[in-house]
Amino acid sequence: MRKEVEIKVHPSDIKDEQKVLKKAARKCQLHPKAVDEVVHLRRSIDARGREPFYRLRVAVFSGEQYQPEAAILDGFQSVSDAREVLVVGAGPAGYFAALELIEQGLKPIVLDRGKPVRERRRDLRAIQQFGQVHPDSNYCFGEGGAGTYSDGKLYTRSHKRGNIEKALRLLVEHGATSDILVDAHPHIGSNKLPKIVANIRATIEAYGGEVHFGTKVTDFLLRDGTIKGVIINDKQSRYADAVILATGHSARDIYSLLQQKNITIEAKPFALGVRIEHPQALIDSVQYKQKERDENLPASSYRLACQVKERGVFSFCMCPGGLVVPAATAPGELVVNGMSMSRRDSAFANSGTVVAVNEEDMTAYTDKYGAFGGLEFQKSVEQTVFQFGTGDQRAPAQRLVDFVKGKVSTSLPKTSYIPGVYAAPLHQLLPDFISKRLQHGVQQFGRQMRGYYTQDAVVIGTESRTSSPVRIPRNRQTYMHEDVEALFPCGEGAGFAGGIISAAMDGQNVARAVERYLNSTT
Ligand SMILES: Cc1cc2nc3c(=O)[nH]c(=O)nc-3n(C[C@H](O)[C@H](O)[C@H](O)COP(=O)(O)OP(=O)(O)OC[C@H]3O[C@@H](n4cnc5c(N)ncnc54)[C@H](O)[C@@H]3O)c2cc1C
């Protein structure tokens, strides 16, 4: 017999397998000794009542053996002699596309402008400690893409876009904890992600694919409306039967290249704002209603949203127990984002807090720059904030209440942002339509979540790379660019993903589309 049931478990019992088994047995009206195995299917925390508890969905096996699914990698075969497909970008979209190409019997040749995941670390240290931003190796560029040194949240609402479970299982087969298959809000953490990313590369290579670093795509090889290959680092040509373009939302040079080549790109709505950081203990006490967090509960998170003057204001990419990091991709700009370690054990909770930016907000930019309007607007905010500062990656900051009151803070609380912060009139540095809405929005958040609106919270600028301000359009059925045969825009940079898992799933979908295309052309 296999029966699925839901049980409530107190945090102090969550690691006690016997107690969980007894609860599950009781729910199935079985004697505990009659239960052979209890398999966890789903785990979430319910903190709505007086005290938080875990909700577990489990499968109870009695007189029947649990049969785990075969590994996806067991079905892989060598593709060393297969048709070649270029995959530009080794982020989640590019790497998951490469894995899927192998499954489809095609040979991926992955090209990335950055460095292998471990070497990337040195460049991240240079940004953190000396404010030096390497234009090809930073928090967005390099092996694993923007997803590597991140919070590693794997939650997505894009359920219709692909097979989430397959993406998660592949991560587990490359070293992630199997908890991610069960947790309602799975996450990996920046200390574990690099090893997983390196393992994915090892799989690609073991099955005959190739991965090359320091290979920036600088031009496309086009003939009669078809892409035949790319130029790498302005000198080397590389040909293939199809090209997957998965360069992420920060590859501005790729958008310029597309424009130069008269390949259609479109402006796309995005969001822009700030990071707001609170003491984690404060968020825990609000969310869990406990003075001190139970040791069996994770650092708590929040998700807040409201409307201000017909525009969404919302928290984004919340990192419990995390750090605010400098995520610029070129010198002369200031961009912040958030990451965390697997234990999420820093003393801080941060989240992007952003305002939706629509076309009508930037008509001055779109009139001048067309499809590049949003991108130029984004760039101008990042540069304005940088130029106000000290010429390095120290970030302007304001206590939350001071930000709302339009006052420069006389002192700032300790923050997790390693390059450091300085007091500045952030409310004036941001475009008026953004800062005014943020000022109203955070007060509403304070009413939704008591304790949120406090002088102990600090606002850090700017959170500008929430998603791509540009879309590279593609056909809905073929996933191919309408203007260029064999060119497959993919992932967040193309405007078809907004996070690690949705980018990974887009990579898988695009790889299958490439297989269909190549099948139809043989
Ligand atoms: C600090 C930080 C934290 C984040 N935290 C989370 C999180 O917790 N959860 C989540 O879901 N999302 C998070 N994100 C967002 C997530 O990382 C992205 O949505 C995701 O990585 C997009 O995947 P992608 O493969 O489409 O693009 P990217 O990950 O951006 O990868 C693009 C790749 O293309 C390469 N490239 C660019 N131009 C070229 C070129 N010309 N030639 C060759 N290669 C090129 C880059 O080096 C890069 O490796 C975070 C992002 C950042 C920056």
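When atom types are taken as modelled, the side chain of Asn138 and the backbone of Cys140 share a donor-acceptor pair closer than 3.5 angstrom. A side-chain donor-acceptor contact under 3.5 Å links Gln455 to the backbone of Asp402. Using modelled atom types, no side-chain atom of Arg43 and backbone atom of Asp183 make a donor-acceptor pair closer than 3.5 Å. Not one N or O on the side chain of Asn475 forms a donor-acceptor pair closer than 3.5 Å with the backbone of Glu482. Under a 3.5 Å cut-off, the side chain of His187 and the backbone N or O of Ser342 do form a donor-acceptor pair. At distances below 3.5 Å, not a single donor-acceptor pair connects side-chain atoms of Tyr302 with backbone N or O atoms of Gln287. A donor-acceptor pair is defined here as one N or O able to donate and one able to accept, closer than 3.5 Å; such a pair exists between the side chain of Glu143 and the backbone of Val117.
The two residues His481 and Thr264 make their nearest non-hydrogen contact at NE2-O, 2.9 Å. Closest non-hydrogen pair, Gly273 versus Leu430, comes out as O-CD2, 4.3 Å. Shown here for Pro396 and Leu426, the closest heavy-atom pair between the two residues is O-CD2, 3.7 Å. Nearest heavy atoms, Gly461 versus Leu334: O-CD2, 3.3 Å. Smallest separation of non-hydrogen atoms from Arg465 and His249: O-NE2, 3.1 Å. Counting all heavy atoms, side chain and backbone alike, Phe386 lies closest to Asp392 at CE1-O, 3.3 Å.
Side chains of Ser464 and Glu382: a donor on one and an acceptor on the other come within 3.5 Å. In this model, a donor atom of one side chain and an acceptor atom of the other lie less than 3.5 Å apart for Asp284 and Gln280. Arg399 and Ser411 are linked by a side-chain donor-acceptor pair at a separation below 3.5 angstrom, with hydrogens and angles left out of the test.
Because its NZ or CZ atom is not both nearer than 6.0 Å to the ring centre of Tyr149 and within 45° of the ring axis, Arg120 does not count as a cation-pi partner of that residue.
Residue Lys261 holds its NZ atom at 8.5 Å from CZ of Phe220, rounded to the nearest 0.5 Å. Taking CZ of Arg252 as the reference point, atom CG of Leu375 lies at 5.0 Å (rounded to 0.5 Å). Note that OH of Tyr453 is 6.0 Å distant from CG of Leu400, once rounded to the nearest 0.5 Å. Interatomic distance, Thr353 OG1 to Leu304 CG, rounded to the nearest 0.5 Å: 8.0 Å.
You'll find the ring centres of Tyr479 and Phe488 outside the 6.0 Å limit. Ring-centre distance between His185 and Tyr155: below the 6.0 Å cut-off.
Partner of Phe53 under the side-chain contact (heavy atoms from CB on, under 4.5 Å) criterion, chosen from Lys8, His10, Arg48: Lys8.
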